[in-house]
Every structure is written in structure tokens, then in C-alpha cells.
Amino acid sequence: MTGKLLPIPTPETRTYWEKTALGELWMPKCETDGWIFPPRFHCPTCGSTEFCWKQLSGRGRIASFIITHRAGAGYQGEVPYFIILVDLDEGPRLVGNLYGVPVEPSAIHVGMPVEVFFELREGIHLPQWRPIGSKVTG
Amino acid sequence: MSYEEIVIVGAAESELIGVVPDVSATGLAIGSALRALDDAGLKPTDVDGIAGTLHVSELALQLGIKPRYADGTNVGGCSYMLHVRHAVAALRSGMADVVVIMHGESGKSRVGSPPMAMDMATASGQFERPYGIAGTFSMFTIPTMAYLHKYGLDETALAHVSVAQSKWAAQQPRALRQKVLSVDDVMESKMISWPFRVLECCPVTDGGGSLVLTTAKRAADMDLKYKPVVVAGTGELVEGAGSSFMEDLTSFRAFRESSAEAFRTADMSVSDIDHLMIYDAYAHVPLYGLEDLGFVGRGEASDFIKGGATSPGGSLPMNTNGGGLMYTHTGMYGMFALQEAVRQLRGTSPAQVEGVKTSFVQGVGGMFAAAGAVVLRTQ
Ligand SMILES: [Zn+2]
């Protein structure tokens, strides 16, 4: 038990979490309207439920970030730490933590390229982020 | 078609705000409702409509009435702007004759408040919350760096928001933070969530506030202490899950669309507005608000504030109670923004601006999840 919060998958998101367990990032994609994130019952643009899941590269750029000095549940030993928004190369945006660089404002910038790795947390594999080519896993 | 004019005839905050450890959340709401009714020369038995973010059935019981109109809309801190909008429709259609909108929150002392539940199956629960989001200060704030980066601004853009509002708060005896701040004061205050220092984050307090609304026709027959304040226009938009799901990290659609509808229904534009309240849980929100409402161009809000336009003596007095940052922030602050707008239009604010005839009140709900706007004017 780390005390960190765990997502509760739903039928709409089950494939997402099944794929992260394989070390892959997948999202639903509507043929007409593109990526659907967060995963939903239907495409919010055209209403179709006929979409399929596609794999993403797991690479993107930091769209925004903060450095929190107050710990969320289970993060007590890690402050300060980054919480970042990543715009994936394919378009969708994910939240995550950034590892592999010193936790200070000068070590991070909007537009910085990052790649995904997966943190195993009590049976759930969460997408997390590091600089491209870094080997850190947390 | 022309609609019946709807007016605010009563407005009051709870007797005490700030740290109030011996009054429950409901008590803060009911206490302020009784004061607002007294302000309007009415009794609870005159009320046939209620609205609030607490359980409306509990509010009805506590107030001792059986309302035929109840609105429990809860989209976060701007819910009270939505309650005003819905009350206008209810009063115009005859669903109610007198509506009381109540806020009470024991944000600091947590008296009679349910524990805050987090649903880890929602979009935010699955894709935001697991990443060490300790509080709104590490999630509501997260689009800010995208905004600062886009316009080539540094962290002091946030500090200037707090500095400007501290000048108003210094004139407000009920404000929690009353000190006039310098940029250095703000920058040297405790780091919470870089680039946000504690003086750029709202405090957490206890408090209540209520409004009493009725038709202008009925108000004309009432013996009122103050002239009624007219609800000239309203707007709302529920956008969805929150800050990481925004289409554009540098602009908030719900601000743009709710404000546009409020201006349209009031038949006014930015140049008609004398006084502005923009819900400021954190210092970046007024920057987004000034631009999204159309008071300044894209990327211009920081210079506008820094240049003193929103400060005492400026061309657009904004957040004249000191805002959520300085005055009080119970958790769902929107009611206090509405209260200050009513005070300014009545001429009773401790930080009174000369000749305020119109006020625009913009609320945000959740973390960039919903918005409500209300345009008020003198009768
Ligand atoms: Zn589609």
C-alpha cells in the first residue's frame, strides 16, 4: 500500500487500463472526428458508438505544469514534485508526474518533449513521464 | 418580447465570516437568510422559493417553510450565479413570488459539513486525481504556465493580481487579509504550488450569504431600506470535467459563453460596465476572466492590472471586496462576489466606488468546469 489514489476503471475506460498494463497507450478513435479522450460511451462530436481503439506513440510535449509543495495522498515523501499536462504528439492531453529531472522551475519548460513510462500502483499501470531517452522509471 | 423586471430586494452575509467554529454550515446559510429577509422587510413565511448548494430540503426545514420552488443546482462556486439566473425565470413564470438564495459553508471549521468525497471512477478520478493532486491549488492552477508562456509573462503577473486586490481589501473591515501588499510581499510568501505563492491562493474560511429576489412589481409595494437592484442579464455554461480537459489552456470557454449571454440578455457591452467582480480562487482566474469577458485583448490582462486599471481610482474597479483571495473564501465563494456587487450598487460598500450604476459578476465553478454570469444595475 502506497496510499496513493487509484483510478477505478469503468466499462468505457477498461481497454485503456488493460493496454497500460501491457506497457502501451491506447485510446478510442472515431474515424471521422479523431481521438476521444477521456474515453466515452460515444463520440461526443458525431454520436457514433462505432469507434475502435488505436495505439499512440507515447511521446508528447509538456503543455503546462506546476510544482506542488504540498503532498497529495501517498505523495508525502516526494514533495516538491511536478504535476504536468502532456499534449501527446497525436493530439490528446494527459496529466502525469515528470521524473528524471531536478525538481526546480529551471529544469522544465512548456514545449519540453517527454515520453511515457508506466508506474505499477497496486495492480494499475499509470502513464508517467520522463525526458525522451531517459531510463528512469519513477 | 419584454420580460418582467426581476430585482434583488434583500442581501446580507452571515453575522460573522472568517473562522466561525461554533456555527454549522446550515446555520451560516440560515443566519444570512434571516438577515437578508430582514433587510427586505420580509419574514420566512413570505418566501415560496429557495435555492442553495446545501440540501434544499434541509434548508426548507431549517428556515421553517414549505417552498413551491427549489433549486439545488451545484456546479461549484458559481452555483449562486446560476441560482440567480434560474430564480429570474421562476419569478417571471410565476413559479415563485419570493426566492431566497442561500450560501453557508464551514470550509475552515467543517462544522456540520459532510466529508469531501472523491469519485475515482469519474474522468477526473481516473485521469487527474491519481497524480498527487493535493487540492485545488495543484489542479485549478495547472493551465497557468501555458498562459504565461504564450504571452511571454513571468510569475509576477500573478503577484500583481494579489497586490491590486489587497488595496481594496485594506478598505474592507471584514476582509480576512487586510494588509496592503507589495510584489515582494507576495513573491516572498510561502510557496504552495509553483508558480503560486500562498498570497496568490484563496484562504479557506467559514461564512454565509443570502439574496432575496422578487418582481419589480412586488418590490414597488414593499417598504425597502435600499432601492432594488435589477438583475439585468444572466448567463451560464457547464463545460465539463475540469482544467486538464480544457480545449484551450489559455482561455475558458464557459467564461466566454456565459458572459456573452449575460451581456446579450442585459443588452449591454463591456463599455456599459462600471464595476466588475471576477471569481478569484487563485490569482490567474482574473487574468483569464478579463480577457474571456472581453474587457481587454488576449494577453493584455496582466498589464491592465499592473497599470492600476482595476485598483482603487482605476477605470475598471474589480474585486472591490478584495476578492476571494483577500476577503473570504468558504469554498464556494460566488455568493460573496454577488454581495459586494449589490453593496456597490446600493452605495454601501466599505470600499465604495463613486457612481456605480452597473456591475458584472462572473463566477467559475469547479476547476474551470462551469461558469455563471450576472449583470446587475441600479433601478
Ligand atoms: Zn465521431
Side-chain angles (χ1 to χ4, degrees), chain A residues 2-14 16-17 27 37-40 44 62-87 92-98 103-105 108-112 119 121-122 124 126-129, chain B residues 116-155 158 189-198 200-201 204 239-250 282 284 367-368:
Chain A
T2 63
K4 290 183 176 176
L5 297 175
L6 285 173
I8 299 174
T10 58
E12 292 79 11
T13 64
R14 191 156 291 140
Y16 178 89
W17 296 111
M27 289 181 187
F37 189 81
R40 263 161 280 192
I62 292 175
S64 203
F65 64 95
I66 56 102
I67 304 172
T68 186
H69 287 244
R70 296 204 180 171
Y75 279 74
Q76 282 78 4
E78 300 179 31
V79 283
Y81 56 91
F82 292 114
I83 303 173
I84 64 172
L85 301 181
V86 178
D87 281 349
R93 181 185 302 138
L94 286 176
V95 183
N97 303 120
L98 176 68
V103 183
E104 50 196 52
I108 184 172
H109 61 270
V110 171
M112 178 173 160
E119 172 199 334
R121 188 183 295 180
E122 296 177 58
I124 297 257
L126 290 111
Q128 291 285 23
W129 303 91
Chain B
M116 287 189 237
M118 210 183 304
D119 182 351
M120 297 304 288
T122 60
S124 181
Q126 292 191 58
F127 303 108
E128 293 180 335
R129 286 280 165 184
Y131 295 101
I133 311 297
T136 53
F137 53 83
S138 52
M139 197 65 222
F140 197 173
T141 53
I142 203 167
T144 306
M145 284 309 294
Y147 174 90
L148 296 178
H149 176 81
K150 179 172 180 179
Y151 298 114
L153 298 166
D154 66 23
E155 302 156 72
L158 302 170
S189 70
K190 193 174 162 104
M191 186 63 74
I192 300 293
S193 182
W194 192 94
F196 286 81
R197 278 79 174 170
V198 68
E200 296 157 341
C201 302
V204 183
E239 172 143 351
S243 47
S244 82
F245 303 105
M246 293 170 83
E247 291 163 333
D248 175 353
L249 294 171
T250 67
Y282 296 92
H284 63 312
M367 297 184 259
F368 285 129

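We name chains A, B, ... by the order of the sequence lines, and we start the count at 1 in each one.
Between chain B and the options A:A73, A:S64, A:G72, the largest number of non-hydrogen pairs under 4.5 Å is found for A:S64. In terms of non-hydrogen atom pairs under 4.5 Å with chain A, the most contact-rich of B:E128, B:M118, B:K190 is B:E128. Counting heavy-atom pairs under 4.5 Å between each of A:V79, A:L126, A:I124 and chain B puts A:L126 at the top.
Rounding to the nearest 0.5 Å places CD1 of A:I67 at 8.5 Å from CE of B:M145. Expressed to the nearest 0.5 Å, how far CZ of B:F245 lies from CG of A:L85 amounts to 10.0 Å. With rounding to the nearest 0.5 angstrom, the OH atom of B:Y131 is 11.5 Å from the CD1 atom of A:I83. Taken from CD1 in B:I133 to OH in A:Y75, the straight-line distance is 8.0 Å, to the nearest 0.5 Å.
Among all heavy-atom pairs drawn from B:W194 and A:H69, the shortest one is N-CD2, 4.4 Å. Nearest heavy-atom pair across A:T10 and B:A121 is CG2-O, 3.6 Å. Listed here is the closest heavy atom pair of B:A146 and A:A63: CB-O, 3.3 Å.
Contact check for B:M120 versus A:L5: side-chain heavy atoms found under the 4.5 Å cut-off. Side-chain contact between A:V95 and B:M139: present, with at least one pair of heavy atoms (C-beta onward) separated by less than 4.5 Å.
Only the side chain of A:R121 comes within less than 4.5 Å of a heavy atom in chain B; its backbone stays farther off. Heavy atoms of A:A71 lying under 4.5 Å from chain B belong exclusively to its backbone. For a residue to count as touching a neighbouring chain, one of its non-hydrogen atoms must lie under 4.5 Å from one of that chain's; by this rule B:T122 does not touch chain A. If you measure heavy-atom distances from A:F82 to chain B, you find no contacts under 4.5 Å at all. The contact between A:P127 and chain B is made by backbone and side chain atoms together, counting heavy-atom distances below 4.5 Å. Interface residue B:P143: only backbone heavy atoms are found under 4.5 Å from chain A. Contact of A:I84 with chain B is made through the backbone alone, with heavy-atom distances under 4.5 Å.
With hydrogens and angles disregarded, no donor-acceptor distance shorter than 3.5 Å links the side chain of A:T68 to the backbone of B:S193. Remark: the backbone N or O of B:G132 is paired with a side-chain donor or acceptor of A:Y81 at under 3.5 angstrom.
Using a 30° and 60° split on the angle between ring planes, A:F37 and B:F127 fall in the perpendicular class, above 60°.
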Stepwise side-chain contact (heavy atoms from CB on, under 4.5 Å) test for A:R93 and B:L249: CA-CA 11 Å; A:R93 181 185 302 138; B:L249 294 171; 3.5 Å; yes
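A donor-acceptor contact closer than 3.5 angstrom links the side chains of A:W17 and B:Q126.
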